[in-house]
Amino acid sequence: MTEQIENLILEMLKGLRNEVQTLRAEVRAEFQDVKQRLTSLERGQAKGHADYAELYGDHARQQAAIDRLSERLDRMEKRLELQN
């Protein structure tokens with residue numbers, strides 16, 4: 001009887017071990033998928049930051065050009081005595 005119980009316990013433990021191994025493999029596969037998706041999100045976010053930085057640089061260049069044009073216009077108005 002004791003041997004039967006031991007055999008039953010061993011079979012149950014083997015079954016549990018197999019289930020744990022299967023679960024572990026599934027978790028690893030899911031974790032790999034999550035890591036890939038996270039990497040994709042991070043790349044997208046980095047691209048968004050780069051796009052924003054590029055737009056900010058464009059804005060700064062445009063503002064500098066406007067400032068230079070404004071200065072030139074002021075000088076022309078002074079020369080033509082159009083300013084008060």
Side-chain angles (χ1 to χ4, degrees):
M1 175 109 172
T2 305
E3 189 175 318
Q4 288 177 336
I5 293 174
E6 287 176 4
N7 287 338
L8 180 61
I9 290 172
L10 284 174
E11 289 300 314
M12 291 176 72
L13 287 174
K14 287 178 185 178
L16 283 173
R17 181 181 62 200
N18 291 337
E19 286 183 38
V20 167
Q21 287 174 341
T22 301
L23 182 62
R24 186 178 291 162
E26 289 174 4
V27 167
R28 281 186 182 142
E30 289 292 325
F31 183 67
Q32 194 66 22
D33 182 51
V34 168
K35 284 174 36 177
Q36 289 173 347
R37 293 175 71 186
L38 180 60
T39 298
S40 176
L41 287 172
E42 289 172 336
R43 283 184 186 143
Q45 185 178 20
K47 185 180 180 320
H49 287 301
D51 290 346
Y52 177 76
E54 187 176 328
L55 288 173
Y56 185 76
D58 289 344
H59 175 74
R61 282 188 292 278
Q62 288 173 353
Q63 191 59 48
I66 290 170
D67 290 344
R68 286 191 307 272
L69 289 172
S70 179
E71 289 171 5
R72 287 181 67 192
L73 184 60
D74 286 344
R75 285 195 312 267
M76 285 190 278
E77 287 177 342
K78 282 183 184 178
R79 279 188 184 171
L80 296 174
E81 298 179 0
L82 297 175
Q83 280 186 338
N84 294 334

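Residues take their numbers from the sequence shown, with the count starting at 1. Quick caveat: nothing in here was measured; it's all calculated off a predicted structure.
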For residues 9-38, which side-chain N or O atoms pair as donor and acceptor with protein atoms under 3.5 Å away, sequence neighbours left out?
unit_1: N18; atom_1: ND2; unit_2: K14; atom_2: O; d: 3.4
unit_1: T22; atom_1: OG1; unit_2: N18; atom_2: O; d: 2.9

Distance-only criterion, 3.5 Å: show the donor-acceptor pairs between side-chain atoms of residues 53-61 and protein atoms not counting sequence neighbours.
unit_1: D58; atom_1: OD1; unit_2: R61; atom_2: NH2; d: 2.2

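Applying the side-chain contact (heavy atoms from CB on, under 4.5 Å) test between D74 and each of R72, E71, E77 identifies E77 as the sole match.
Every side-chain hydrogen bond (donor to acceptor under 3.5 Å, both in side chains) that Q63 has, sequence neighbours left out, goes to D67.
Note on residues 39-51: pairs passing salt bridge (charged side-chain N to carboxylate O under 4.0 Å, His left out), not counting sequence neighbours, are K47-D51.
Separating the OG atom in S70 from the CZ atom in R75 is a distance of 10.0 Å, to the nearest 0.5 Å.
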